[in-house]
Number of protein chains: 2
Amino acid sequence: MLYLIGLGLADEADITVKGLEVVKRAERVYLEAYTSILHVGKDKLESFYGRPIIIADREMVESSSDEILQDADKVDVAFLVVGDPFGATTHTDLVLRAQELSIPTKSIPNASILNAIGATGLQLYNFGQTVSIVFFTDTWKPASFYDRIRENASIGLHTLLLLDIKVKEQSLENMARGRKIYEPPRYMTVAQCAQQLLEIEQDKQEGVCSADSLAIGCARVGADDQTFACGTLEELSESDLGPPLHSVVLVGKRAHELEKDYLKGFAINQDTFEASWKKYHTRP
Amino acid sequence: MLYLIGLGLADEADITVKGLEVVKRAERVYLEAYTSILHVGKDKLESFYGRPIIIADREMVESSSDEILQDADKVDVAFLVVGDPFGATTHTDLVLRAQELSIPTKSIPNASILNAIGATGLQLYNFGQTVSIVFFTDTWKPASFYDRIRENASIGLHTLLLLDIKVKEQSLENMARGRKIYEPPRYMTVAQCAQQLLEIEQDKQEGVCSADSLAIGCARVGADDQTFACGTLEELSESDLGPPLHSVVLVGKRAHELEKDYLKGFAINQDTFEASWKKYHTRP
């Protein structure tokens with residue numbers, strides 16, 4: 001059996017009791033390590049599980065999945081995913097491949113940023129589609145996310161922005177020369193995301209996200225030092241919420257007074273918070 | 001400290017290791033028992049936790065929350081919620097009330113239907129706002145959900161429908177006479193939901209959900225006997241997916257071929273599935 005097991009968001013103790021039982025008895029244990037990260041390293045997980053872990057990078061999962069699936073018709077293989085197993089697309093690929101090979105699969109769900117974001121006090125019912133924000137480069141500023149945000153905003157919904165993670169990236173030079181040397185990992189911050197949003201807004205001028213729009217900077221959601229900061233995009237573009245992972249919520253116009261009461265507790269500046277709320281979020 | 005602890009979706013072993021540690025040492029343990037249910041009873045949880053559980057109904061949580069919060073500035077109180085603690089609005093109320101009383105709070109996230117629904121193979125990025133469907137009565141057929149579905153559909157997104165749960169409801173007669181006699185619990189089925197959608201569509205005639213629209217009937221998501229059935233609303237209106245909880249996903253027009261490949265495995269009828277896909281989901 002192939003088990004896809006969600007690890008939750010913060011550390012080794014966020015696995016479910018059910019998931020832990022499978023890990024302890026599985027023949028091989030893989031950790032998917034490119035779409036998200038825990039706040040603890042492989043060593044910590046190995047000592048908690050009492051089992052060795054094989055790190056599965058994108059190349060292995062997308063191109064060498066048969067290596068992961070080897071003998072999984074006879075033995076149990078655990079494939080660990082930070083958050084929930086179905087947060088990232090490529091894992092449905094892995095399940096489809098297992099089905100082709102007549103390998104039974106089972107998934108053990110866990111918290112994902114998509115529901116843990118409810119800890120901001122915003123109602124999960126009021127979120128539209130989730131949007132990914134990738135790092136801009138000097139030559140590449142993909143802006144399709146702007147249209148997605150506009151779609152949500154047009155019906156008054158909140159938007160959760162998931163911020164780019166770059167792990168095991170090669171520099172152009174190393175790639176050209178075929179050198180398997182990787183850059184240090186990079187995790188987009190709330191400030192970088194806010195800056196990119198304001199940059200795109202300045203290009204497009206369609207008023208989808210203004211300097212005084214309210215957003216919530218979220219850091220290490222689900223961990224003991226989980227941090228939320230609610231402020232304007234301008235304020236957040238100068239914020240420092242500490243170590244990764246970060247994400248951002250753009251607050252929709254249809255927001256409710258109860259949501260406001262909760263957000264107030266995270267406001268960077270009560271005056272700008274009230275002003276922006278009054279401007280954008282007061283129902284007619 | 002007040003701990004809000006997610007229990008996940010199916011049984012006693014879906015709690016996280018971190019959550020279980022808190023339950024085992026908490027002074028009092030409450031189980032919120034009106035917005036969702038596990039597939040195991042209170043007895044099973046009590047024997048697994050080695051702790052007595054106090055059932056918290058809606059009245060207690062909404063009107064007598066100070067009873068739950070009593071002494072929580074000095075001792076640890078665990079408030080258990082099926083799924084994730086912030087799936088339902090009233091729990092942000094509880095946290096706000098704790099803050100007023102200077103009681104520190106902490107939440108321990110877990111899987112919610114909002115992310116576990118990814119097991120259908122549909123990409124979580126492609127979902128719009130989540131919508132609740134309540135039981136129609138002879139005299140009351142609230143239809144605001146129809147507008148919410150239309151909003152999602154207009155931008156091509158999937159819609160997760162959460163189906164009504166009636167627990168501890170009184171008949172009008174018992175309520176009038178002040179008798180605390182409660183009706184047996186009722187859980188809306190996929191078939192009932194599909195029937196209500198078709199009924200509203202017939203009233204409104206706006207083409208938001210047609211008899212041949214594709215949807216996924218979902219039963220017991222996250223449990224060992226989790227079941228998905230993908231078919232037209234007409235097919236689903238005659239389906240029987242077994243015991244609760246059920247939910248439904250309306251498939252959005254922007255659906256991807258990879259999502260189709262996965263859904264095909266759950267199709268009730270390959271011919272109607274292909275026909276509906278071709279009619280509604282083929283990108284130009």
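The chains referred to below are lettered A, B, ... by the order of the sequence lines, with proteins before strands, and numbering in each begins at 1. Only a predicted model underlies this, so the values are computations on that prediction, with no experimental measurement involved.
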For this session: Could you walk me through whether B:N126 and A:T130 pass side chain to side chain contact (heavy atoms under 4.5 Å, CB included), step by step?
Result: CA-CA 7 Å; B:N126 290 345; A:T130 301; over 6 Å; no
Problem set entry | Derivation of the side chain to side chain contact (heavy atoms under 4.5 Å, CB included) call for B:K106 and A:D224 | CA-CA 8 Å; B:K106 194 160 167 176; A:D224 277 350; 2.7 Å; yes
For this session: Would you check, one step at a time, whether the test side chain to side chain contact (heavy atoms under 4.5 Å, CB included) holds for B:Q129 with A:I155?
Result: CA-CA 10 Å; B:Q129 60 198 315; A:I155 46 180; 4.1 Å; yes
For this session: Show your working on side chain to side chain contact (heavy atoms under 4.5 Å, CB included) between A:T92 and B:E259 and close with a plain yes or no.
Result: CA-CA 9 Å; A:T92 53; B:E259 295 178 293; over 6 Å; no
Problem set entry | Working for salt bridge (charged side-chain N to carboxylate O under 4.0 Å, His left out), residues A:R254 and B:E151 | CA-CA 13 Å; A:R254 209 189 273 170; B:E151 288 171 346; 2.8 Å; yes
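Put simply, the side chain of A:N115 gets close to the backbone of B:N110: a donor and an acceptor are under 3.5 Å apart.
Looking at B:Y262, both its backbone and its side chain come within 4.5 Å of chain A, counting heavy atoms on both sides. Using a 4.5 Å cut-off between heavy atoms, A:T120 makes no contact with chain B at all. When heavy atoms are compared at a cutoff of 4.5 Å, B:S154 does not approach chain A at all. Contacts between A:L162 and chain B at a heavy-atom distance below 4.5 Å involve the side chain alone, from C-beta outward.
Environment of NZ in A:K42: crowded, with over 12 heavy atoms of neighbouring residues, nucleotides or ligands closer than 6.0 Å.
Ranked by heavy-atom pairs shorter than 4.5 Å toward chain A, the options B:L122, B:L157, B:L9, B:L114 are led by B:L157. For the set B:A119, B:G222, B:A116, the count of heavy-atom pairs under 4.5 angstrom toward chain A peaks at B:A119. Taking chain B as the reference chain and counting heavy-atom pairs below 4.5 Å, the highest number among A:G118, A:A111, A:G128 is found for A:A111. Ranking B:S107, B:G265, B:S112 against chain A, the residue ahead of the rest is B:S112, based on heavy-atom pairs under 4.5 Å. For chain A, the option among B:I108, B:N152, B:V131, B:D11 with the highest count of heavy-atom pairs below 4.5 Å is B:D11.
Of the inter-residue distances, the one linking B:L7 atom CG with A:T16 atom OG1 reads 12.0 Å to the nearest 0.5 angstrom. Summarising the geometry, atom CD belonging to A:Q99 is positioned 10.5 Å from atom CG belonging to B:D261; distances are rounded to the nearest 0.5 Å. In this structure, the separation between NZ on A:K264 and CG on B:L96 is 9.5 Å, given to the nearest 0.5 Å.
Nearest heavy-atom pair, B:L20 versus A:V17, reported as atom, atom and distance to 0.1 Å: CD2-CG2, 3.9 Å.
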